[in-house]
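Please read the structure below before turning to the comments.
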Amino acid sequence: MNCNDIKSLLLDYLDNNLDKKTKLEIEKHLDHCKICSNELSQIRLLNEKISNMNKIENPRHLFDTFMLNLEKEKNRLKKWSFGINSSSLFRIAASILIFITGLLTGVLVVTGYLEKTRIKKMENEISSLKNAVAITMFNPHSTSDKIKALTYFNENNKVSPDLLRSLENALFFDDNVNVRLAAANALFRYRDNEQVMELLIKCLSSQDEPMVQIAIIKFLVDSREKRAAESLQYLIKNDDTNIIVKEYADQGLHVLL
Amino acid sequence: MNELTDEILMFRVKSGYLDYMADLFLKYSNHILNYFCYMTGKIEDSKDLTQDLFLRLIKYRKSFDPEKSFKSWIFQIAKNIFIDYSKSMHHNCAGYENLGSIDKDEAEKNNFHGNDSLLYYSISRLPDEYRELLILGKFHGLKYKDLAELFFTTESAVKKKMLRALNKLREIYFKTENNSGNEL
């Protein structure tokens with residue numbers, strides 16, 4: 001070990017933090033190195049001097065002042081906690097309630113409970129829809145199944161061209177009144193669709209079944225479709241039109257114009 | 001009573017039993033007062049700083065971590081207070097250069113120097129960080145572990161710094177001793 005090694009270990013040597021072997025080595029070095037042993041004794045001296053430096057005694061009033069401060073602080077704490085009890089209780093209760101609700105929702109979402117039930121419901125719907133479509137395809141003459149199929153058209157479905165065409169076919173050409181009525185009802189869902197509205201207006205003049213006519217008139221008048229006025233006038237003028245239908249058309253015309 | 005460590009006392013204060021602060025005050029206020037005296041060299045200011053420190057302990061009691069040593073926590077706060085103080089002193093009187101130097105008249109009045117004014121002079125000449133380390137480590141007897149926690153560093157780094165501080169002190173102390181010896 002050279003002097004630099006010894007110097008870096010002096011503090012540990014003084015604190016007696018070294019193993020026997022290192023300690024002996026240092027002592028051996030100190031025996032013949034004056035610079036290092038001088039340094040050690042100086043550090044030792046200063047260490048002792050510092051630890052024996054005069055201590056300044058606490059003045060008596062220091063503690064009294066502190067106790068006064070402590071009392072003040074305690075009073076402030078009391079006031080504060082009282083404030084919580086009286087005014088914020090309701091708010092705290094509400095926030096706890098919200099927290100619990102959130103927690104419950106979180107748990108349901110995480111465990112997938114809500115998702116599972118929703119998916120199951122959708123699966124059921126899809127299978128029944130498929131069933132109905134299959135029935136109409138394989139059994140085109142069964143009226144009741146056609147109606148059933150028509151009622152299955154879900155509101156969420158978008159108006160695809162295919163769907164529209166099949167509804168149009170049913171409305172114009174089906175032999176059975178009830179099927180036509182059901183098709184009309186299915187079309188009523190797409191109030192916002194221009195094509196559908198035009199289709200219904202066109203159908204009004206070609207339709208000869210009073211029941212279907214009345215349903216369409218009612219719907220068009222309800223949705224304030226002004227373009228229907230012409231067809232309504234045609235119905236009123238036409239001698240073949242049912243009297244009751246004429247009455248409806250007349251009333252509707254008044255509302256529209 | 002002996003079973004109650006400082007950490008337990010402070011934990012009780014943290015939980016709202018402020019009265020236990022009085023125990024801690026009795027135990028530590030003298031250490032803190034002396035720390036401030038040696039750091040600032042102003043005895044009157046140090047009393048105010050000591051009061052200030054114990055108020056801060058109450059105010060920030062929630063931030064006390066019972067896993068860590070109370071001693072290094074309290075000196076940590078003392079250190080911050082000293083830094084604030086020296087900033088304000090620099091701000092108030094520009095040209096007050098050697099803040100740490102102990103005011104001679106005041107020191108003599110209070111018998112601050114005792115019988116070894118050379119040591120106090122040398123300590124006051126040290127840079128703040130060295131003086132602080134020596135006071136905390138050698139005068140207050142904080143362990144290297146506590147010091148490392150206090151300065152956010154490792155024990156070996158603290159040891160190296162301590163050695164540098166002692167060497168610096170040695171240099172000033174024995175140089176001055178030789179000079180004054182020659183003059184006399």
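Computed from heavy atoms alone, side chains included, the values below leave out hydrogens, waters and symmetry copies. In what follows, chains are A, B, ... by sequence order, proteins preceding strands, each numbered from 1.
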Is the distance between the ring centroids of B:Tyr28 and B:Phe70 under 6.0 Å? yes
Most heavy-atom pairs under 4.5 Å with chain B, out of A:Glu48, A:His61, A:Lys7, A:Glu39, belong to A:Glu39
Pair count under 4.5 Å, heavy atoms only, with chain B: among A:Asn58, A:Leu45, A:Ile43, highest is A:Asn58
The interface call for B:Tyr173 against chain A, heavy-atom contacts under 4.5 Å, is side chain
Have B:Arg170 and B:Asn167 got a donor and an acceptor in their side chains that come within less than 3.5 Å?
-> yes
Any chance the side chains of B:Thr40 and B:Ser46 put a donor and an acceptor closer than 3.5 Å?
yes
Ranking B:His140, B:Lys160, B:Lys138, B:Met162 by heavy-atom pairs under 4.5 Å to chain A gives rank one to B:Lys138
Bottom line for B:Leu119: the part with an atom under 4.5 Å from chain A's heavy atoms is side chain
If one checks every heavy atom of B:Ile58 against chain A at 4.5 Å, the contacting part turns out to be side chain
### Message
Checking B:Asp84 against B:Asn80 for the side chain to side chain donor-acceptor pair (under 3.5 Å) test, could you report, in this order, the C-alpha distance in whole Å, the side-chain angles of both residues, the deciding distance, and whether it holds?
### Response
CA-CA 6 Å; B:Asp84 290 350; B:Asn80 290 338; over 6 Å; no
- Query: So, A:His29 side chain and A:Glu25 main chain: donor-acceptor pair closer than 3.5 Å or not?
  - Reply: no
Turns out that what part of A:Asn52 lies under 4.5 Å from chain B's heavy atoms comes down to neither
The interface call for B:Leu169 against chain A, heavy-atom contacts under 4.5 Å, is both
Worksheet entry | Any side-chain heavy-atom pair of B:Trp73 and B:Ser63 under 4.5 Å | yes
When the 4.5 angstrom heavy-atom criterion is applied to B:Leu163 and chain A, the contacting part is both
Interface check, chain B: of A:Asp15, A:Asp12, A:Leu10, A:Leu62, most non-hydrogen pairs under 4.5 Å belong to A:Leu62
Honestly, the part of A:Leu46 sitting under 4.5 Å from a heavy atom of chain B is side chain
- Just by distance, with hydrogens left out, do B:Glu132 and B:Tyr35 show a side-chain donor and acceptor under 3.5 Å apart? yes
Strictly under 6.0 Å, is that where the ring centroids of B:Phe64 and B:Phe11 end up? no
In terms of heavy-atom pairs under 4.5 Å with chain A, the winner among B:Lys59, B:Lys159, B:His31 is B:Lys159
